[in-house]
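See structure below.
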Amino acid sequence: MISLKDKIALVTGASSGIGAATARAFAANGAKLILTARRQERLQQLAAELQEQFHTETLLLTFDVRARESVISELSNLPLAWQAVDILVNNAGLSRGLSKLHEGSIDDWEEMIDANVKGLLYVTRTIVPGMVARGQGHVVNIGSIAGRAAYPGGNVYCASKAAVRAISEGLKQDLLGTPVRVTDIQPGLVETEFSIVRFHGDEQRAGKVYENLTPLTAADVADVVLFVVTRPPHVNISELLLVPTDQATATLVHRH
Ligand code: NDP
Ligand code: 8X3
């Protein structure tokens, strides 16, 4: 098992949900953390919590993953002590809307594609060369059950997560012969701010997604992320689907 003690982990989308939970799990295991998101105050609160609980060293970076120039300039100019990133968790992402494709919002589509696909690519392109040069690294992409099969109204979100799956597979192939590992984690229903964002702030509609079933928590997903990054160096968990017991497929759920 690999120890995270003093390893440097970069988690995008650390201001909420799965990213924040992953930061907590890594901090509890001794990692140093580069935490990124747009909401700086949230990152500051999390960093203070981790400092108090685990004496975690953090570097906070505030940028939009869709802003290519910002991503590249922030991540290419890390302070010297933070440059040797051991683990990258590409988690920042979102869904917008659940409309039929022929009735959908093009703005929503662009936001999803720009964050979930292009943002992930910008971060990966900037960080992975250092991993290859140092001969050490692990890229964990947060995909989704939505990337395995489309569901009604999921169209472009599903496509963006299918792209994450293909990019993960392609990256793994391109890194063959290096020790750098690549994992695509594919959660089903996780109760975070995800559905509130999907429905543009409609909390009532968001709440209905998880009504009368027991969804995964962000901490459940973080446990799995922690598990994959702490496997021995010769073990690469390429992809991992995790769903609540109350969920069989993206659309088949059991409500009590
Ligand atoms: P949350 O909405 O709770 O968290 C999303 C995170 O992504 C926030 O920290 C947000 O930070 C960040 N983010 C979103 N857009 C951008 C952007 N343009 N630039 C920078 N950061 C951004 O949702 P989750 O924790 O659930 O989502 C995390 C990941 O997990 C996403 O990729 C999502 O697709 C995936 N996922 C979620 C599932 C679920 O059911 N919840 C299931 C499967 C996968 P900020 O707004 O501060 O920038
Ligand atoms: C999030 C899971 O099923 O709401 O990726 O699309 S789902």
Side-chain angles (χ1 to χ4, degrees), residues 10-24 35-46 60-68 70-71 74-75 89-98 108 110-120 122-123 140-165 168 184-201 203 205-206 208-210 213 215-222 224-225 239-244 246-253:
L10 191 169
V11 182
T12 68
S15 61
S16 172
I18 295 168
T22 300
R24 289 190 178 96
L35 303 177
T36 88
R38 290 165 300 182
R39 288 172 292 179
Q40 191 172 26
E41 232 175 76
R42 290 277 199 105
L43 293 180
Q44 285 166 341
Q45 282 164 8
L46 178 60
L60 309 184
L61 300 176
T62 312
F63 58 79
D64 187 323
V65 290
R66 294 171 298 172
R68 174 173 161 176
S70 310
V71 175
E74 291 279 352
L75 297 181
V89 182
N90 275 315
N91 163 77
L94 79 169
S95 67
R96 285 290 193 199
L98 198 57
D108 284 353
E110 290 193 338
E111 187 172 2
M112 290 186 277
I113 292 167
D114 288 350
N116 300 359
V117 184
K118 292 167 71 179
L120 177 144
Y122 302 151
V123 174
V140 179
N141 292 330
I142 306 299
S144 171
I145 191 173
R148 298 169 70 94
Y151 54 80
N155 44 66
V156 175
Y157 177 69
C158 296
S160 76
K161 292 300 184 177
V164 170
R165 193 180 191 192
S168 304
D184 180 22
I185 304 277
Q186 300 158 357
L189 291 164
V190 191
E191 190 163 13
T192 60
E193 293 174 20
F194 176 85
S195 291
I196 300 172
V197 172
R198 166 169 258 176
F199 299 127
H200 294 275
E203 295 194 16
R205 189 172 176 200
K208 285 202 187 319
V209 174
Y210 312 105
L213 59 79
L216 296 173
T217 65
D220 294 327
V221 182
V224 168
V225 176
E239 52 180 19
L240 197 154
L241 170 70
L242 74 151
V243 291
D246 285 336
Q247 180 175 28
T249 70
T251 50
L252 188 59
V253 299

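Scope of the values below: all heavy atoms of this structure, side chains included, with no hydrogens, waters or symmetry mates. In each ligand, atom 1 is the first atom listed, and ligand 1 is the first ligand listed.
The nearest protein atom to atom 12 (C) of ligand 1, hydrogens excluded, is given as G13 CA, 3.6 Å; this is a heavy-atom distance. Scanning the protein for heavy atoms near atom 43 (C) of ligand 1, the closest one is P187 O, 3.3 Å. Nearest non-hydrogen protein atom to atom 7 (S) of ligand 2 is Y151 OH, 3.5 Å. With hydrogens left out, the protein atom closest to atom 4 (O) of ligand 2 is F194 CE2, 3.6 Å, a heavy atom. With respect to atom 5 (C) of ligand 1, the closest heavy atom belonging to the protein is G93 O, 3.7 Å. At the shortest separation from atom 15 (N) of ligand 1 among protein heavy atoms lies R38 NH2, 3.2 Å.
For atom 31 (C) of ligand 1, the nearest non-hydrogen atom from the set I142, V89, N91 comes from N91. Nearest-residue assignment for atom 24 (P) of ligand 1 (options T217, V11, T192; heavy-atom criterion): T192. Taking only non-hydrogen atoms, the option from G17, S160, A92 nearest to atom 21 (N) of ligand 1 is A92.
In this structure the side chain of I18 reaches within 4.5 angstrom of the side chain of T22, judged on heavy atoms. Between V164 and D184 there is a side-chain heavy-atom pair separated by less than 4.5 Å. R68 is not listed as a side-chain neighbour of K118, based on a closest heavy-atom distance of 4.5 Å or more. Contact of the I185 side chain with the V89 side chain is not registered, since no non-hydrogen atoms from C-beta on lie closer than 4.5 Å.
At a heavy-atom cutoff of 4.0 Å, ligand 1 is contacted by the side chain of K161 but not by its backbone. Of the heavy atoms in Y157, only side-chain atoms (C-beta onward) come closer than 4.0 Å to ligand 1.
A donor-acceptor contact shorter than 3.5 Å is absent between the side chain of S195 and the backbone of R198. Panel note: side chain R96, backbone D108; no donor-acceptor pair is recorded below 3.5 Å. Using a distance-only test at 3.5 Å, with no hydrogens or angles considered, no donor-acceptor pair links the side chain of K161 to the main chain of A149. Between the side chain of T12 and the backbone N or O of A92, at least one donor-acceptor pair lies under 3.5 Å. Under the 3.5 Å distance criterion, the side-chain polar atoms of R66 are left unmatched by any main-chain donor or acceptor of G119. Of the possible polar contacts, none joining the Q247 side chain to the G188 backbone as a donor-acceptor pair under 3.5 Å is found. One N or O on the side chain of N116 and one on the backbone of L94 form a donor-acceptor pair closer than 3.5 Å.
Taking every non-hydrogen atom of I18 and a distance limit under 4.0 Å, the qualifying atoms of ligand 1 come out as 25 (O), 26 (O), 30 (O), 37 (C). For ligand 2, the atoms lying closer than 4.0 Å to a non-hydrogen atom of S144 are 1 (C), 2 (C), 5 (O). Listed by atom number, the atoms of ligand 1 under 4.0 Å from S16 heavy atoms are 1 (P), 3 (O), 4 (O), 8 (C), 9 (O). Which parts of ligand 1 touch S15 is read off a 4.0 Å heavy-atom cut-off, strictly below it: atoms 8 (C), 9 (O), 10 (C), 11 (O), 45 (P), 47 (O). Heavy-atom contacts of D64 reach the following atoms of ligand 1: 17 (C), 18 (N), 19 (N) (cutoff under 4.0 Å). Residue A146 has at least one heavy-atom neighbour below 4.0 Å for each of these atoms of ligand 2: 6 (O).
For ligand 2, the polar-atom distance check against Y157 finds a nitrogen or oxygen pair separated by under 3.5 Å. Between V190 and ligand 1, at least one pair of N/O atoms sits closer than 3.5 Å. Backbone and side-chain nitrogen or oxygen atoms of V65 are examined, and one is located within less than 3.5 angstrom of a nitrogen or oxygen of ligand 1.
The closest approach between R66 and ligand 1 falls below 4.0 Å for a heavy atom of the residue. Between G188 and ligand 1 there is a heavy-atom distance shorter than 4.0 Å. Contact between G143 and ligand 1 is present, with at least one heavy atom of the residue lying under 4.0 Å from the ligand.
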Item to complete: Test R205 against L98 for side-chain contact (heavy atoms from CB on, under 4.5 Å), laying out the working first.
Response: CA-CA 11 Å; R205 189 172 176 200; L98 198 57; 4.2 Å; yes

Item to complete: Kindly indicate, with the supporting measurements, whether the criterion ring pair (Phe, Tyr, Trp, His ring centres under 6.0 Å) is fulfilled by Y157 and F194.
Response: CA-CA 12 Å; Y157 177 69; F194 176 85; 5.5 Å; yes

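Checking each of L60, V71, L10 against T36 for a side-chain contact (heavy atoms from CB on, under 4.5 Å) leaves exactly one that passes, namely L10.
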